[in-house]
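What follows is one structure encoded as structure tokens, with my remarks underneath.
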Amino acid sequence: MSIEAQNNNYGAGLVTRKCEFEMERPHPWKREYPSGCQFVVEDEETELVECDGKIYCLAHLPMLDASGEHTRKAGIASDAEELKKFNNLVFECIRKFEKYKADENIEHPDHWPMDLTGVVFPGEIHFEKRFHKTLPPCLFYGAEFNGNAFFQGMKFPRKVNFGLSVFKKYAIFGACEFHDGANFDGATFEGEANFNSSKSKHRFSAKNVLCRGRVRFDHCNFDGPLELSGSVFDNELWLYDGKFKDVLIEGGSAGENIIPLIDAHDTTFKEKLDCTNRIFSNPSNFRNSKFHKAPKFFGSDLHEGTSFEGAEFLDTASAWAIVSYRILRKMMEANRAWHDMGMFYSLEQKSIRTTSNVDVGIKSLSYLYDLSSEYGQSTVKPIIWLACLNVAFFLIYLIGGVIEAFATNTMINSKFLMDIIHYTLLQMVRPFDAVVHLGEQAHRAHVYLVPFAMIQSIVNIGLLAVFIVAVRRKFRIS
């Protein structure tokens, strides 16, 4: 098995002789590459095999025939020497293709990938051990990996395409760098797919993927969107401690929109997380995550054990913020998760205040409620405000008393200070006391302080009411 430059009209010039493999290449290589086999058979006797009435080269020969019987390719998988020979042939094809691009007068040679479309890899293969951490541009469209596929730590300088590929066992892409993004659309992962600690500068598309095993994107840093829309997850999706621009996980058709769970604790979503039309059958974890845009769970169903503890939501201005937080509030209420329900209620109200055409008076009251207790979520804030404002009123009364003392030549002593403290505390213990006893001689001298005393009483009653509501919400049962 080898390659030859036989027709420069095809750019790479990879054409078939005898193998009857057919698969149309994806965009943008549909016109540049023929739809047939890209390999040249050097020895027809040993390199061409009949299967199900068709002739295949060793690269495209399936592992099983239509009746489920093992083909010659399965024999390669069970023989360590034969497997090593097959893998080396693939590596050699990639190296030859790189030399061919360097020798021929090809426009933008770096853009042309080695065409490995439809190649059936019989057993375990390690790309990271042969290419010094940088894999030349390759097209793995429709490839089948029957053993563990190791791409650990590889750098992909150009966009790599694994569309419609099948990974029968582990797919290891940990610590990879996708400089121009990646395409896994329509791929199948029978085992775990591991992309931990990988980086992507552009779009990473894995739409309509079938995932039988766990899918892991832990500790990743993606500057482009991660698209998992329409994909089927039979196992968990892990995104923890990562940094992502957009994560799009919209559900597909009914019955295929279930995700067991998402583990995304300590993760930063630089743009939006879209989980529209998804059902989470187990508790998901968003603890300590940071959402720069309101997450979308439209038409979704979160498990009652889902946690948003310590999560930060920085968006109250996007077009969908109000609806997003309202939906999450209702889901948390249905799950009787009162703390999270209160948090999303607070975010909903902030979004209404920020984006809606609401009366100025309502906005002002909303702002004061937020400032005093975060819409009834904080029991500490009302107490702090109560203490600080009463200290402020004490200072106002003290200044007024000092001015009065100088005007009447009254001595300022400890009794004077105790009277001011008593007057301040009296408005807390007996609201509107200054008004009720306004006619009494003891209070007549302080008539100019009555407006402040009234304000103090109103503020105290309001803050105490807010505190009681907050305590009630903290320990809500039904």
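Counting only heavy atoms from C-beta outward, the side chains of Glu124 and His126 approach each other to under 4.5 Å. For the pair Phe291/Thr268, no side-chain contact is recorded, criterion being any heavy-atom separation below 4.5 Å from C-beta on. Looking only at side-chain heavy atoms (C-beta outward), Phe167 and Thr188 stay at 4.5 Å or farther from each other. Here the side chains of Phe173 and Phe178 are in contact, with some heavy-atom distance below 4.5 Å. Between Phe269 and Thr267, some side-chain heavy-atom pair lies under the 4.5 Å cut-off. Taking 4.5 Å as the limit, some side-chain heavy atom of Asn390 sits within range of a side-chain heavy atom of Gln456. Between Phe204 and Phe244 the shortest side-chain heavy-atom distance does not fall below 4.5 Å. Taking 4.5 Å as the limit, some side-chain heavy atom of Gln427 sits within range of a side-chain heavy atom of Tyr397.
Atoms CD and OG1, from Glu128 and Thr134 in turn, are 13.0 Å apart once rounded to the nearest 0.5 Å. Atoms CD and CD1, on Glu98 and Ile94 in that order, are 8.5 Å from each other to the nearest 0.5 Å. Note: Leu226 CG to Ser205 OG = 9.0 Å, rounded to the nearest 0.5 Å. Considering CG of Asn183 and OG of Ser165, their distance stands at 9.5 Å, rounded to 0.5 Å. Taking CG of Asn235 as the start and CD1 of Ile259 as the end, the distance is 11.5 Å to the nearest 0.5 Å. Separating the CD atom in Gln349 from the CD atom in Gln377 is a distance of 10.5 Å, to the nearest 0.5 Å.
The closest donor-acceptor contact from the side chain of Trp29 to the backbone of Asp115 lies at 3.5 Å or more, if one exists at all. Thr354 places a side-chain N or O within donor-acceptor distance of the main-chain N or O of Lys350, the cut-off being under 3.5 Å. Proximity of a side-chain donor or acceptor of Thr316 to a complementary backbone N or O of Ser351 within less than 3.5 Å is not detected. Judged by distance alone, the side chain of His265 and the main-chain N or O of Leu239 form no donor-acceptor pair under 3.5 Å.
For Phe140, the ring pair (Phe, Tyr, Trp, His ring centres under 6.0 Å) partners at least two apart in sequence or on another chain are Phe127, Phe151, Phe162. With sequence neighbours left out, Asp246 forms a salt bridge (charged side-chain N to carboxylate O under 4.0 Å, His left out) with no residue at all. Scanning for ring pair (Phe, Tyr, Trp, His ring centres under 6.0 Å) contacts around Tyr369 gives Tyr375, with sequence neighbours left out. Every residue two or more places apart in sequence or in another chain that forms a ring pair (Phe, Tyr, Trp, His ring centres under 6.0 Å) with Phe121 is listed here: Phe145. Under the rule for a ring pair (Phe, Tyr, Trp, His ring centres under 6.0 Å), Tyr170 has no partner lying at least two apart in sequence or in another chain. In terms of the salt bridge (charged side-chain N to carboxylate O under 4.0 Å, His left out) criterion, residue partners of Arg214 (sequence neighbours excluded) are, by chain and number, Glu192, Glu236. Every residue two or more places apart in sequence or in another chain that forms a salt bridge (charged side-chain N to carboxylate O under 4.0 Å, His left out) with Glu24 is listed here: Lys30.
For Met343 against Phe313, the heavy-atom pair with the smallest separation is CE-CE1, 3.8 Å. For the residue pair Arg25 and Met23, the shortest heavy atom distance occurs at NH1-O, 2.6 Å. Summarising the geometry of Pro295 relative to Leu328, their closest heavy-atom pair is CG-CD1, 4.0 Å, with the distance given to 0.1 Å. Residues Ala143 and Leu116 approach most closely at CB-O, 4.1 Å, considering heavy atoms. Contact between Phe195 and Cys220 at its shortest, heavy atoms only, is O-SG, 3.0 Å. Here the shortest heavy-atom pairing between Ile172 and Gln152 reads CG2-OE1, 3.0 Å.
A salt bridge is absent between Glu271 and Lys245; no separation between the charged side-chain nitrogens and carboxylate oxygens falls under 4.0 Å. The existence of a salt bridge linking Asp234 and Arg212 is confirmed by a sub-4.0 Å separation between a basic side-chain nitrogen and an acidic carboxylate oxygen.
For Tyr345 and Tyr325, the gap between ring centers reaches or exceeds 6.0 Å. Between Phe308 and Phe344, the distance from one ring center to the other falls under 6.0 angstrom.
Identified under the salt bridge (Lys or Arg N to Asp or Glu O under 4.0 Å) test for residues 380-392, with sequence neighbours left out: Glu374-Lys381. Counting only residues at least two apart or on different chains, no salt bridge (Lys or Arg N to Asp or Glu O under 4.0 Å) pair has a member in residues 178-190. Annotation: salt bridge (Lys or Arg N to Asp or Glu O under 4.0 Å) contacts involving residues 280-305, sequence neighbours excluded, comprise Arg287-Glu309. For residues 405-426, the salt bridge (Lys or Arg N to Asp or Glu O under 4.0 Å) pairs, not counting sequence neighbours, are Lys415-Asp419.
Other residues, nucleotides and ligands contribute more than 12 heavy atoms inside 6.0 Å of the CZ atom of Phe298. Summarising the local packing, NZ of Lys243 is surrounded by 12 or fewer heavy atoms from other residues, nucleotides or ligands at distances under 6.0 Å. Counting heavy-atom neighbours within 6.0 Å of Trp320 CH2, excluding the residue itself, gives a total above 12. Surrounding NZ of Lys363 are more than 12 heavy atoms belonging to other residues, nucleotides or ligands, all under 6.0 Å away.
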* Verdict with reasoning, Leu228 to Phe233, per side chain to side chain contact (heavy atoms under 4.5 Å, CB included) -> CA-CA 10 Å; Leu228 302 169; Phe233 297 90; 4.2 Å; yes
* Evaluate the ring pair (Phe, Tyr, Trp, His ring centres under 6.0 Å) criterion for residues Phe131 and Phe91: first the C-alpha distance (whole Å), next the side-chain angles of each, then the deciding distance (0.1 Å), finally the verdict. => CA-CA 9 Å; Phe131 292 98; Phe91 298 146; 5.7 Å; yes
* **Verdict with reasoning, Asp223 to Lys270, per salt bridge (charged side-chain N to carboxylate O under 4.0 Å, His left out)** => CA-CA 9 Å; Asp223 294 325; Lys270 302 172 189 176; 3.3 Å; yes
* To do: Kindly indicate, with the supporting measurements, whether the criterion side chain to side chain donor-acceptor pair (under 3.5 Å) is fulfilled by Asp241 and His219.
  => CA-CA 5 Å; Asp241 194 28; His219 315 293; 2.9 Å; yes
What side-chain donor-acceptor pairs closer than 3.5 Å can you find for residues 274-283, not counting sequence neighbours?
| unit_1 | atom_1 | unit_2 | atom_2 | d |
| --- | --- | --- | --- | --- |
| Asp274 | OD1 | Thr276 | N | 3.1 |
| Asp274 | OD1 | Thr276 | OG1 | 2.5 |
| Arg278 | NE | Ile249 | O | 2.7 |
| Arg278 | NH1 | Ser231 | O | 3.0 |
| Arg278 | NH2 | Ser231 | O | 2.8 |
| Arg278 | NH2 | Glu250 | O | 3.3 |

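A donor and an acceptor atom, one from each side chain of Glu333 and Asn335, are nowhere located under 3.5 Å apart. The closest side-chain donor-acceptor pair between Ser457 and Asn460, if any, does not fall under 3.5 angstrom.
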